[in-house]
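Numbers restart at 1 for each chain; the letters A, B, ... are given by sequence-line order, proteins then strands.
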There are 2 protein chains.
Amino acid sequence: MRVSITDVARAAGVTPAVVSRVLNGDPTLQVREQTRDRVLTAARDLDYAPSHAARALRSSRSNTLGLAVHDMANPLYGEIIMGAQRAATDAGYVLLLADIDGLARGDVTFRRAVQGGAMDGLLLQRAGTAADRKIVKTASSRIPTVLLNDRSSALAAAALDDVGGSRLATRHLLELGHRRIGHLRLGGTSRSGARARGWRETLTQAGEEPRWLADGGHTIETGRQGMHELLAGPERPTAVVAGNVLAAVGALTAARESGLAVPDDLSLIAFHDIPYAAHLTPPLTTVAMPLHELGAAAVTLLLERLDGGKERQVVVREPPPRLVERGSTAPPG
Amino acid sequence: MRVSITDVARAAGVTPAVVSRVLNGDPTLQVREQTRDRVLTAARDLDYAPSHAARALRSSRSNTLGLAVHDMANPLYGEIIMGAQRAATDAGYVLLLADIDGLARGDVTFRRAVQGGAMDGLLLQRAGTAADRKIVKTASSRIPTVLLNDRSSALAAAALDDVGGSRLATRHLLELGHRRIGHLRLGGTSRSGARARGWRETLTQAGEEPRWLADGGHTIETGRQGMHELLAGPERPTAVVAGNVLAAVGALTAARESGLAVPDDLSLIAFHDIPYAAHLTPPLTTVAMPLHELGAAAVTLLLERLDGGKERQVVVREPPPRLVERGSTAPPG
DNA sequence: TTGGTCGGGAAAAACCTTTTACTAGCGTGG
DNA sequence: CCACGCTAGTAAAAGGTTTTTCCCGACCAA
């Protein structure tokens with residue numbers, strides 16, 4: 001049926017042990033060049049691939065990493081996942097998908113997968129919900145866990161340079177001549193704090209007062225509400241830094257609903273660049289963050305931990321946040 | 001270390017075989033109610049979960065399904081994946097992620113995963129590229145494979161009701177009073193044919209001639225080009241059915257570039273509804289297709305095959321395509 | 001010759017389940 | 001009293017790797 005290591009051994013005229021050690025490059029093995037060749041060609045001829053299950057059983061390593069995210073349909077996560085995917089593949093690992101909300105629904109499938117050793121480690125993107133806490137508890141007590149873009153806890157984590165991105169965005173608006181610059185923060189997560197900090201610090205350094213602040217969340221609808229809040233006061237900001245591109249989409253709608261033209265009456269810049277941003281009206285100016293690299297960094301961190309490394313928290317600064325100028329920012333009218 | 005079936009057996013005062021058979025509900029097992037309870041409580045107390053690897057090795061079933069897509073960052077695929085995810089979880093299966101383009105890069109990781117029995121079956125979303133053909137060949141000869149939204153081949157597949165969706169879109173435009181209705185087809189895939197067919201048939205039945213046809217691809221940029229092509233002739237269409245929502249985004253840009261106002265000078269309706277569609281200018285009228293259900297259906301199909309079923313092709317008609325009226329369609333000016 | 005060392009590989013255990021075949025004990029009918 | 005059948009399990013094999021220990025022959029030095 002399947003070709004096993006014994007078949008290869010027979011074909012090469014050696015024992016299975018030798019095949020295993022040759023194929024895995026065991027440095028303690030003494031073997032003649034000739035024999036090694038026989039093994040290698042036999043393996044190739046028979047198109048041999050070791051049984052995932054048997055190997056996992058014996059070595060108690062599944063070469064699999066779990067990946068749990070909230071919303072697959074969010075292109076931001078898609079980007080992160082692709083980065084993680086690639087890094088994992090390059091390291092010979094494979095990615096197992098889990099849906100956080102499914103897990104929280106009391107899914108036995110995931111718990112069994114974690115406990116049963118189906119994955120060696122877990123990448124977790126959380127959003128601060130109750131479901132998250134449950135998952136974190138279930139998983140992190142059993143297998144190494146790395147948080148994606150989050151650093152509020154004692155767990156290992158890979159995060160973006162939120163402060164830097166926020167500074168870049170705010171500085172862009174300042175350079176255009178804006179003074180009254182508001183911020184739509186994410187709310188609820190640690191990223192929220194860092195992004196708000198970059199905005200606040202940059203304004204303070206420029207001698208401006210960071211007065212306009214509202215929660216924009218990370219969905220279109222929450223962004224719309226937040227923007228309305230920001231525009232409600234008697235004195236309005238002339239420019240806004242949105243903590244999330246989806247919130248910015250909603251903010252654009254809110255501006256329109258308030259009778260404000262973007263960018264003539266109000267400039268808007270958002271965190272994260274997605275293809276759609278270029279096709280909104282007006283095209284959205286954004287700060288592109290290295291999402292791909294974030295995913296890769298998280299995987300690297302996890303692999304490190306699997307090799308016995310300590311829990312670390314890293315900030316992905318390479319490549320640095322990049323300003324993508326489009327049509328939603330302009331000098332104040 | 002890990003708690004194994006032997007530990008549970010010892011705690012319950014029986015042999016491992018009994019534990020296995022009780023936990024898996026072996027109907028041929030004769031066991032006293034009392035003994036069964038002892039086993040069950042022991043398993044619960046020890047928080048036992050069977051080893052994924054050992055079980056896979058013994059039963060040569062990994063309870064894992066592979067999922068290979070092109071572009072995770074595309075929200076359409078995200079939607080499909082979420083549907084697949086859920087259906088798989090409900091059936092006790094877990095999803096393994098693979099990136100087609102990585103695979104085609106000559107990745108050994110995936111080939112080893114397939115051959116090593118890391119997955120029982122594969123869900124494959126292909127786009128007609130050379131990479132696809134390679135993957136299909138590697139995989140489908142070894143494990144059951146189901147195609148997502150594609151039915152051009154001999155393989156099992158789950159597809160959308162493209163003709164129905166296309167009819168719905170075209171009829172909507174006809175009802176608004178349009179006669180000169182064009183189509184931006186996908187190009188390259190079998191879906192292309194079906195969607196074009198729905199458009200053509202509906203027009204013909206209404207006594208109109210299906211004259212305006214161009215390739216819109218499935219990216220923003222190709223959609224833009226296709227739309228320009230459609231608008232190039234001396235006599236222009238007054239309305240267009242776009243085969244893909246991303247192409248429609250590009251088409252919107254193309255219309256603007258041609259100095260045409262949507263919907264006043266040109267109506268546009270697109271396949272697939274995504275949240276962004278509502279926030280374009282103008283908000284895009286779409287036909288929402290059951291993507292979630294498509295993913296679930298594909299999983300069902302795959303599980304069927306794993307249980308020895310025949311290769312089938314299904315069309316997901318439930319829920320039926322749904323018209324989402326927004327601002328990009330209007331009676332002809 | 002003997003003792004020692006080294007090269008080249010063999011043997012066997014262990015990893016944890018599942019499954020098939022089998023059995024000890026007991027009651028029952030003939 | 002014996003054969004039989006039933007209950008309630010038991011025993012053992014199998015699945016494919018990896019890894020540690022072990023072994024045999026050859027060569028070298030004394």
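For E33(A) and dG8(C), the CD to P distance is 11 Å, given to the nearest whole Å. Residue H52(B) contributes atom NE2, which lies 13 Å from atom C1' of dC16(C) at whole-angstrom precision. Between the CZ atom of R112(A) and the C1' atom of dC16(C) there is a distance of 14 Å, given to the nearest Å. The separation between I5(A) atom CD1 and dG15(D) atom C1' is 14 Å, rounded to whole Å. In this structure, CZ of R61(B) is placed 19 Å from C1' of dC16(C), rounded to the nearest angstrom. The separation between L29(A) atom CG and dT18(D) atom P is 13 Å, rounded to whole Å. Atoms CZ (R2(B)) and P (dA14(C)) sit 18 Å apart, rounded to a whole Å. Atom CZ of R10(B) and atom C1' of dC16(C) are 13 Å apart (whole Å).
Within the 4.0 angstrom heavy-atom criterion, only backbone atoms of the sugar-phosphate kind lie near T35(B); the bases stay farther away. Residue V31(A) is classed as a sugar-phosphate contact, given heavy-atom separations below 4.0 Å to backbone atoms only. Nucleic acid contact for S4(B): sugar-phosphate only, since backbone atoms but no base atoms lie under 4.0 Å from a heavy atom of the residue. Among the protein residues, D26(A) comes within range of no part of the nucleic acid, since none of its heavy atoms lies under 4.0 Å from any strand.
The residue among V18(B) and L57(B) whose nearest nucleotide of DNA chain C lies closer to the 5′ end is L57(B). Comparing P50(B) and T28(B) against DNA chain C, the residue whose closest nucleotide sits nearer the 5' end is P50(B).
With hydrogens and angles ignored, the 3.5 Å screen pairs a side-chain donor or acceptor of D7(A) with a backbone N or O of S4(A).
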>> Determine whether D37(B) and R44(B) satisfy the following criterion, salt bridge (charged side-chain N to carboxylate O under 4.0 Å, His left out), listing intermediate values before the conclusion.
In response: CA-CA 10 Å; D37(B) 281 354; R44(B) 191 147 17 82; over 6 Å; no

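Proximity of Q30(B) to the phosphate of dA8(D): no side-chain N or O atom is located under 4.0 Å from OP1 or OP2. Here S20(A) reaches the OP1 or OP2 of dT18(D): one of its side-chain N or O atoms lies under 4.0 Å away. Close to dG9(C), at under 4.0 Å from its OP1 or OP2, lies a side-chain N or O of R32(A). For the OP1/OP2 pair of dC16(C) and a distance below 4.0 Å, the side-chain nitrogens and oxygens of R55(B) include no atom meeting the criterion. Applying the 4.0 Å criterion to OP1 and OP2 of dC16(C), one finds that Y48(B) has every side-chain N and O outside that range. OP1 and OP2 of dC16(C) both lie 4.0 Å or more from every side-chain N or O belonging to S51(B).
Neither side chain, N149(B) nor R126(B), offers a donor N or O lying under 3.5 Å from an acceptor on the other. With no hydrogens or angles considered, a side-chain donor-acceptor pair links Y93(B) and R61(B) at under 3.5 Å.
Contact annotation: side chain of R21(B) to base of dT10(D), donor-acceptor pair present below 3.5 Å. Judged by distance alone, with hydrogens and angles left aside, R58(B) brings a side-chain donor or acceptor within reach of the base of dA14(D), the pair sitting under 3.5 Å.
Going from atom CG of D307(B) over to atom CG of L302(B) covers 10.0 Å, rounded to the nearest 0.5 Å.
Using a 4.0 Å cut-off between charged nitrogen and carboxylate oxygen, D45(B) and R38(B) do not count as a salt-bridge pair.
In the set dT19(D), dA11(D), dT18(C), the nucleotide with an atom closest to the side chain of T15(B) is dA11(D).
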